[in-house]
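Notes to accompany the following structure.
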Amino acid sequence: MFVELKNITVHYHKSLAVDDVTIEVPEGGVVTIIGANGAGKSTILRALAGLVSLTRGQILFQGERIDRLETADRVRRGIVLVPEGRQLFPYLPVITNLRLGATLRRDRAGIAESLEYVFDLFPRLKERAKQDAGTLSGGEQQMLAIARGLMANPRLLCLDEPSVGLAPIIVELVGDVIREINRKGISVLLVEQNAHLALGVAQRGYVLEVGRVVFQGDAEAIRCSEMVRKAYLGG
Amino acid sequence: MKKTAWVSVLMVLMILLAVVPALAGCGKAEETTTTSAPTQTTAGPTPTTAAPSSTETTTAQMETLQIGVILSLTDWFSVVDAAEKMDIEYVAQMINEDGGIKVQGKSYKVELVIEDGKSSLDGNTAAANKLVLDKKLKFVVGPGAFFNLATTPIFEQNKVLHVANYNGLNPAEMNKDTRYAFLGLDPITQQSAALKALKLYYPNVKNVALASEDATFPAFEPHFRALVERTGLTLAGEPILYATQAEDYNPIAAKIKALNPDAVWMPIGIDPTYFGIVKGLRTLGYQGPITFPVDAPSVVGALGDSATGIVGILSKQVEDPYIAAPMKRLLLMGDPKRHVFGLAPNALYLLKHAIEAADSLDPTVVRDKWETLTSLPTLYGDGFPSGNQLYGLPNHAWAHPIPVCLINDGKVEYKPWILPDVTP
Amino acid sequence: MSDMTEIDTTDIRLVPESAVGQEVAQTKSRRWPGLSVLGGLVLVLALLPLGISGSYYMHVLILTFFYVVIASSWRVVSISGQFNIAIGAFMGIGAYAAAIPSVWLHWSPWVTIPLGAVAATIVGALLAYPFARLRTIYYAMGTLFLGYVVINLITAGGKTTGMSTGLGGVEPLFSDRTYYYYLAFGLMLVSLACMYRLEFSRIGVRMKAIAQSHQVAASVGIGERRNRILAVAFGSFFAGLMGAVYCHYQGVASPNSYGLGATLWIIMYVLVGGINSFWGPAVGVGMLLVIPEFFFRDLKGNLPYVTAAILLIIAFTMPEGIVGLLKAITDRVSRRFRRGEVSGDAP
Amino acid sequence: MLLETKGLTKRFGGLVAVKDFDIQVAEGEIVGLIGPNGAGKSTVFNLITGVFPVTSGRVLFDGRDITGKQPEQVARLGIGRTFQLNPLFHEFTVLENVTSSFELHPHSSLFDIFFNTRKYRRNEAFIAERAHEILHVVGLERVADELAKNLPHGHQKMLGVARALATRPRLLLLDEPLSGMNPSEIDTSLEAIRSMRDHGITILIVEHNMQILRLCDRVVVISFGQKICEGSPAEVRANEEVISAYFGADYVC
Amino acid sequence: MEIAVQTVINVVLLGVVYILMGIGFAFILNLLGIFNLAHGAIFMSAAYGCYLLVVKLGLPGFAAFPVTVLAAAAFGILVERFLFRPMKADFNRTMMVCIALSTVLVTTFNRFLGTRALAIPPFLAGTTGLGPYRVQTDRILAFCIGIVLLVGIILFVDRSRWGAQMQAVTQNREGAALQGIRFSRVAMLAVSVGFGLAAIGGVFMGTLYNLTPFIGDVTLIKVLMLVILAGLGSFNGIFYVGGLLGLLYGALPVVLPGAVVDALASILVLALLLIRPRGFFGHE
């Protein structure tokens, strides 16, 4: 398996946030984690990125244990998190934000190529390259966040709630972008509470409830599961 | 409610902290032969036998007289007082080499008990309390400057005779009720010498600009104005005041220069401020003479080429041909090139002679005798009382000849010492 | 603040009254050992002058009493979430409000001391009003400059304040130091009692609530501004009182004692002792003021190295201060004890 | 109407977070305010309770204009609230969280508190008792002595409610009370909320969990700071267009 | 007229020194969240260090200057690693550590060199004509070096890789970590640059003015004023506010006596702070 979170348990302060969760992401796949607010979805991504430490369990990347590594070393291996709330550098121009995404890369040519790629993907960013990131609209900021993540040349891109606060039209666009990224061979781990968006792009999904996986399977199976519909789709 | 356990532990610790030293204090109190009642004026110094480890066999037989010293060894005033500590120790050594303090046929070896005044009134209070209450001393030298504000009440209350190095003219430091307060150097006389020297070596000077540190200046102001008048000069403009704690003295220098005076007179301050202003004045192209209390080598070292046209007072150097014998001897006891303020040492020197003149170790007796004396030897030559009217005390403040030097182009030229005017 | 609400007794009681009563009784009995130790300490300190009368230790202890109160009053302000770097200035306001009338108008110390305390309280409360807008680091820095301004004003005050040299000739209260000892000791006991009462009553709860979340506090009706002002006024009252008494004891008021340096050391006393516990300031003063005076007196100029070393040791090994560490230890012990109990009960 | 807002508008810099928002809550109702994340639901709460100053518009509580009042004054008038994030005094125990929230009923004056008068002691005893009762009601009695920060998420949420109840509100604003709860917890919570209403507390709930529809008498849907529809749960659920546009098509299927 | 010209020169020079110190302080504050109360002590120690190198070891001034600055920067790395990092940015603990560090440095220099006021010998002795006015050559030199450094810092922060990383960490620490920026390295860099800039300020002050173990205290207050007034996290603001403080402390003493200067300047600063609690140029 490409990336594997094995029986991970995470505590925030002293309270249990993620309890014995196992998640697998195949190479080149799109996997989603859905669940209500506070179910522990973001915590899983933060643990994967190395922002919080595990209480128990392992994280494997191509069979290698990475749960003790610094965030930077995980980024170097290609695990990149586009965090919730975007976490941009608001007082730096768009272009610098993008270049900072490539902090660990040394190949000038490769960086230039990536830059071209993200500008192709998001032409709006090219127009606003000199503008401070904080002055962008919500949708543009989300694009910038994704673009910045792509600048690191990721192998697994983790997206945390990319649809939050976006107009429906833009949400559609985010879905398209995720598919496009995936087409390039980048695996995607998507955390969403917009189940529609998530299940629309993912091949496989996990449903999280209070820190535990309560359901997993193909996107289609989840969509039609009675229990999930009741709890999360307002059925 | 879980708190109780640690509260108990804490309390036990605190009790230990309080009780152990208290017991130690009691023990000490029993050791000393004198009682602690401060009213008992007959209580002399603690005549304990000299330390057995003393290597000097000649002094081993002498009894010891402990004299307290308060100097600020830490914080900002240590720029002045750290040097004083070394010199006062040399003076004590000098006195001991001469056979100590002789009272009623007995010789007492001087042993200094130096306390740190921490450059603050709080620190000086603590130091004075330590000397008076803990060491039960009856004679104290110091502190210098305005720190006497804190110490004088303690000494008065405990009838401890104290000789301040110099003071800030605050009535709380010395007034008609502070009968145990003596002053090693009346600071006004020092400045009278500065003006006299200025007039002597720069006869063309008609007016002087007065620049001073602001805090102590108000007390000195009338006296300084009188001095200027008495010397036959006038003040150029109003006095220029500055704060001690500033980085850049160039604005002050610019202000002084704008008055366009014949000479600049800086009576109160500490070295860094003097140097800063002189440096500023000289870079601004001011050519006139400047007078302030200096240590010649320090000035040359710190100012380099700017050290020119300076009329210095109080510089004590071995190569000064006019130097008084005791001062020369003091200089030769250590590195003769060192920076000597010579104020605390002088106070100790005065005290020694006053005690010998009174032939008693009772501070009250010494005081009574001292009030009748009109001449005492100082490190600078013969001393004389000054400011009897000002302080309302007979012969409590003393003055002495003041060393003078001229510094031009980084070269020091020593001049005959000047006898200052007596302050009324 | 009128009290209009009657207790509504019609509410259904789900918890039997006896259970509540039991809890209270238990608390009381557990407090006894602590109280007796405290009483013992008070007794020892009250009798000490018999042994050390006229000794230097008396001065140190008087100073200790002063600083225990001042450091505690800083902590009282801090429990409302205000890191006030102007406590020295309030002390200074108290001191000068007492010293100036005493020196220039020859008022009796019995008038000037309350005057100093009241002046510090009023100035503190008035200044707290605009500062209640500031929070966290902005508050700390704002008060830092406030202290700086007060000291600068004193320093620029001309002859009235004696400028940076200080104002000498403040009339003494007593001629005998023993009286000062008892005065300082008594004031410390009263002040600490007041502060204890404040902290462990509903007022203290309000202040702590604000410190944790002013928004949540507001949502249950705890006003942020008024409680913060109250905390500052309360703290500056004791700081001002002690400043006033201290300047009469010393005979001088000097800006040096109230400046940034002095304030930072007061804060250090609290941090070393433990900012989160009532007895922290007292322990901190003991650690940084009393211990060096008693055990390292001969170091003189090297003394700062000792205090620096103490600070470093505390910072590295005891993030919560000395009392914090003791508390953690006793907590762990008692928890282990309790856990044993519980597991014994478990089926 | 117990609570009424008229033309409520809030701007943060150039961003309009809430625009011309009107809502009415009648005494004894449970009203749901639903919408996607970032729609401005919590901002509405903060405007009602005075945390943010209102840019324009008015807030009326029980016929009184409370626009521009400080949060603690609003609380005094009888509006309790919970918070979505950081809803607690973390360093207090669960019990202290509740007792410290008894600020308004019964109220002790500074004098009473400081001098520990009979009245203060009586009040405190009453508070201790009531606090236990409230904890019993929300099911936190067993963890009364735990520090609030050590509680699991769901318990923290319930503690937030307990704290709000201690102010004895006439109107209770609940900010996402169900987030982070598992289905069984949700059931108990819904039950608890319903019983609060039965005790005479009017409730306004912000939620994006659709299960809240089971509870509400009326629902207001908000998106991008604007009200897009209002009505009974059934009506709102039936409004296909709105739901699909803002919640995704799957909500309808 | 002449006094005006001199005042302008004083204001500019003082402003440059304040800005250098302020930027150094702000680097440490913005990145590590540490109010480095030992900044003044570092400033003073560097001045003494340079004095020792020149006077005791006989190094030429131009060699001693960079050596001092590099030594201070190296010291910064040590301090970050062994004093600041273990404190985990806890405000109270870092405060204790900073005060301890400051106490040790001040006491040490006071014990061993504090017995008299010293001055670092001038780099270029004498004065230079500036039109009809004369200015100390060292002041001109210091001014030029200062300006070059300021430009260098602006370029470093705006253009260099490290500068961008530092800004990124300042603006969003977690976001920066997610880009693979190692906080510990950037923090180390910030502290060492901060100490280096303090050292530059110290050497300037030691050459132009005088040297006592306590010069740091006065400067620290000014730097705190500067950083707070500029606003936490602000970089550009430091330049404006540095200029303002230079103006206050360079020009006010010309028109006002003694302690009144400090009183007035500090009241002004406090008033500004109360009007704009978050500073004038800070973000948000």
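In the text below, chain A, chain B and the rest are named by the order of the sequence lines, each starting its count at 1.
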Test log, rule side-chain hydrogen bond (donor to acceptor under 3.5 Å, both in side chains), inputs Thr207(E) and Asp138(E):
CA-CA 8 Å; Thr207(E) 328; Asp138(E) 259 5; 5.3 Å; no
Quick one: what part of Tyr18(E) sits under 4.5 Å from any heavy atom of chain B, side chain, backbone, both or neither?
side chain
Does atom OH of Tyr240(E) have more than 12 heavy-atom neighbours from other groups under 6.0 Å away?
no
Option in Pro251(B), Ala253(B), Gly276(B) with maximal non-hydrogen atom pairs under 4.5 Å from chain E
Pro251(B)
Can you say whether Thr103(E) sits under 4.5 Å from chain B via the side chain, the backbone, both, or neither, judging by heavy atoms?
neither
So Phe109(E) and Tyr48(E), would you call those rings parallel, tilted or perpendicular, with 30° and 60° as cut-offs?
parallel
For Leu256(E), is it the side chain, the backbone, both, or neither that has a heavy atom closer than 4.5 Å to a heavy atom of chain B?
backbone
Can a donor-acceptor pair be found, under 3.5 Å and without considering hydrogens, that links the side chain of Asp87(B) to the backbone of Val340(B)?
no
Show, in sequence, the C-alpha distance, side-chain angles and deciding distance for Glu238(B) and Arg225(B), and conclude whether the salt bridge (charged side-chain N to carboxylate O under 4.0 Å, His left out) test is met.
CA-CA 11 Å; Glu238(B) 280 302 293; Arg225(B) 286 184 188 273; 3.1 Å; yes
Please state whether the side chain, the backbone, both or neither of Asp75(B) comes within less than 4.5 Å of a heavy atom of chain E.
both
Which answer fits Leu14(E), side chain, backbone, both or neither, if we ask what part of it has an atom under 4.5 Å from a heavy atom of chain B?
side chain
From CA spacing to verdict: side-chain hydrogen bond (donor to acceptor under 3.5 Å, both in side chains), Asn124(B), Glu115(B):
CA-CA 9 Å; Asn124(B) 275 277; Glu115(B) 285 298 339; over 6 Å; no
For Thr219(E), is it the side chain, the backbone, both or neither that has a heavy atom under 4.5 Å from a heavy atom of chain B?
both
